[in-house]
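Comments concern the structure below.
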Amino acid sequence: MKEFGQVIDRKNTRSVKWGNMEAVYGVEDASEVLPMWIADMDFKAPQPIIDAMQERLDHGVFGYSYICTKCKDAVRTWLSKRHGWETENDWMLFHHGVVPAIATVVETFTNAGDNILITTPVYPPFFNVPGHQKRNIVECKLKEDNGNYSIDFEEFEKSLQQDVKLFILCHPHNPGGVVWTEEELRNIVRLCKKYDVLILSDEIHADLVLPGFKHIPLAKLAEEEGGSVITCIAPTKTFNLAGVQAAVMITKEDDLRDALQQSAMAHGQMELNAFAASALVSAFTDCEEWLGNLLEVISSNMDYVISTLTEEVPGIQIQKPQATYLLWIDYRGTGLSEDEMMDRLLNKGKLALEPGTKYGETGRGFLRMNVATPRVIVEDGVKRFIKAME
């Protein structure tokens, strides 16, 4: 697995992670700051994907592209093999990313002033995108116990009663790293069906579930329980292809697909670009072994960070996630405010992590750290964290 130990210089490559920290963190010079914040990996994409994109590049003609049957077959076969979810090609619509897909669903199925339910802390676009479309956010706070999160279904049902039109589920959960159980998922489907609420299930982290846990597609349960679900998946988070931009919206309900297709035509939305389609097919066809190795590396990196920081820094607690390559670090025991913690990390430790309140007020007292990077960088980040707290 030597490819996961290679340190690649990403500076001067228009990388948001490595080249845009001055703007993101409001510092004058971030050249000495180590970025372990935004959720992209510092590993090369799998070689089969690079080869597929190179083959497309070598062809030399980049005219209009369409989604062929091979693309849909690759998605369908992957979902069946990895998650036991039997889908059909006709259920699939393609988009340029999961966040744009969320925006499309919000715009298509809700109106300005409508209520949209989210469970916090959660991925920022879940409240930013609806907010920019003048929708109202109904926030159901997750129950938290020493960094472990669960859904308070009594509060969840009360929230649904607020004339909610759409529930956006983060599944697995970001930033908490939770793989929702079958019981929890069935409860979500039953309650949303009871109150006639459409569910958008963002399952972009579904293939980043760590050993010992199992992702269950929400729509698979909805086929038994009833209820309306639109699922969003993508190869981009799993195979480090965020800049390639490719996602899939899946629903078996004809009326939902028809409405999404009308929206695409209204916005002049084109199909995936030629390189995105080639990458998607290769990812879901040729890269399962690479993914298995990646998950071992991520798990090992997490174990190292958790054991070292909790031993060396008083007041730090970290629960190992069940999914994702992102640690959710609880620093409430240090007594530091978020401003104080961020100042120490950036200016003393020269380390860029994400503040918890980026994920809502319920994230206060936490930090998000990306450990999908070579071990030498992980070790450097831990040293910087310890230095910041000395």
Side-chain angles (χ1 to χ4, degrees), residues 64-83 85-111 116 123 125-126 129-130 133 135 165-171 189 192 197-207 215 217-223 227-239 241-242 244-285:
Y64 295 117
S65 299
Y66 70 98
I67 297 298
C68 65
T69 301
K70 185 177 181 180
C71 295
K72 295 181 178 182
D73 286 345
V75 175
R76 178 174 51 79
T77 302
W78 179 267
L79 291 173
S80 175
K81 184 177 181 181
R82 295 286 297 190
H83 305 299
W85 183 22
E86 303 304 328
T87 59
E88 297 181 11
N89 289 6
D90 290 345
W91 298 0
M92 301 177 195
L93 298 171
F94 289 73
H95 215 307
H96 301 131
V98 167
V99 173
I102 291 172
T104 295
V105 171
V106 169
E107 182 184 52
T108 303
F109 298 105
T110 67
N111 298 306
I116 295 177
Y123 183 50
F126 280 31
V129 169
Q133 295 191 28
R135 275 59 168 173
K165 304 300 182 184
L166 174 69
F167 169 51
I168 309 178
L169 172 66
C170 200
H171 173 40
V189 172
C192 286
V197 173
L198 174 64
I199 305 172
L200 170 57
S201 185
D202 174 0
E203 302 187 13
I204 196 170
H205 291 277
D207 294 312
H215 174 78
L218 184 73
K220 180 181 177 182
L221 301 180
E223 291 174 16
S228 297
V229 179
I230 298 171
T231 302
C232 291
I233 68 163
T236 50
K237 198 68 65 179
T238 307
F239 301 102
L241 302 170
V244 176
Q245 300 182 333
V248 191
M249 298 183 291
I250 305 172
T251 178
K252 68 180 297 183
E253 298 184 51
D254 294 340
D255 58 334
L256 298 182
R257 286 198 312 278
D258 290 345
L260 290 169
Q261 288 174 324
Q262 287 293 324
S263 175
M265 288 189 288
H267 288 278
Q269 180 188 320
M270 306 294 285
E271 297 278 15
L272 298 186
N273 70 67
F275 297 98
S278 294
L280 178 143
V281 171
S282 179
F284 288 143
T285 305

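Keep in mind that what you see is a predicted model, and the values were worked out from it rather than measured. Basis for what follows: all heavy atoms, side chains included, without hydrogens, waters or symmetry-related copies.
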Do you know the tightest heavy-atom contact between [X] and [Y]?
{"X": "E253", "Y": "G227", "answer": "OE2-O, 3.6 Å"}
{"X": "F275", "Y": "N273", "answer": "N-OD1, 2.9 Å"}
{"X": "M249", "Y": "C232", "answer": "CG-SG, 4.0 Å"}
{"X": "V98", "Y": "A234", "answer": "CG2-CB, 3.9 Å"}
{"X": "A246", "Y": "T236", "answer": "O-CG2, 3.5 Å"}
{"X": "F94", "Y": "I67", "answer": "CE1-CG2, 3.5 Å"}

Once rounded to the nearest 0.5 Å, what's the spacing between atom [atom1] of [X] and atom [atom2] of [Y]?
{"X": "Y123", "Y": "C170", "atom1": "OH", "atom2": "SG", "value": "9.0 Å"}
{"X": "D255", "Y": "L260", "atom1": "CG", "atom2": "CG", "value": "9.5 Å"}
{"X": "D202", "Y": "K237", "atom1": "CG", "atom2": "NZ", "value": "9.0 Å"}
{"X": "K252", "Y": "I230", "atom1": "NZ", "atom2": "CD1", "value": "14.5 Å"}
{"X": "K70", "Y": "L280", "atom1": "NZ", "atom2": "CG", "value": "11.5 Å"}
{"X": "I116", "Y": "Q133", "atom1": "CD1", "atom2": "CD", "value": "7.5 Å"}

Could you tell me if the side chain of [Y] sits less than 4.5 Å from the side chain of [X], heavy atoms only?
{"X": "V229", "Y": "L221", "result": "no"}
{"X": "L200", "Y": "F109", "result": "no"}
{"X": "S228", "Y": "L256", "result": "yes"}
{"X": "W85", "Y": "E223", "result": "yes"}
{"X": "H83", "Y": "D207", "result": "yes"}

request  = Using a strict 4.0 Å threshold on nitrogen-to-oxygen distance, state whether D73 and R76 make a salt bridge.
outcome  = yes
Under 3.5 Å: donor-acceptor pair, side chain of [X], backbone of [Y]:
{"X": "T285", "Y": "V281", "answer": "yes"}
{"X": "E271", "Y": "A277", "answer": "no"}
{"X": "R257", "Y": "T251", "answer": "yes"}
{"X": "S278", "Y": "A274", "answer": "yes"}

task = Let me know which of T231, L272, I233 forms a side-chain contact (heavy atoms from CB on, under 4.5 Å) with V248.
result = I233
query = Is it the case that Q269 and H96 place a side-chain donor and acceptor less than 3.5 Å from each other?
reply = no
task = Would you please test E107 and H267 for side chain to side chain donor-acceptor pair (under 3.5 Å) and show each step?
result = CA-CA 11 Å; E107 182 184 52; H267 288 278; 2.6 Å; yes
query = Which class fits the ring pair W78 and F284: parallel under 30°, tilted 30 to 60°, perpendicular over 60°?
reply = tilted
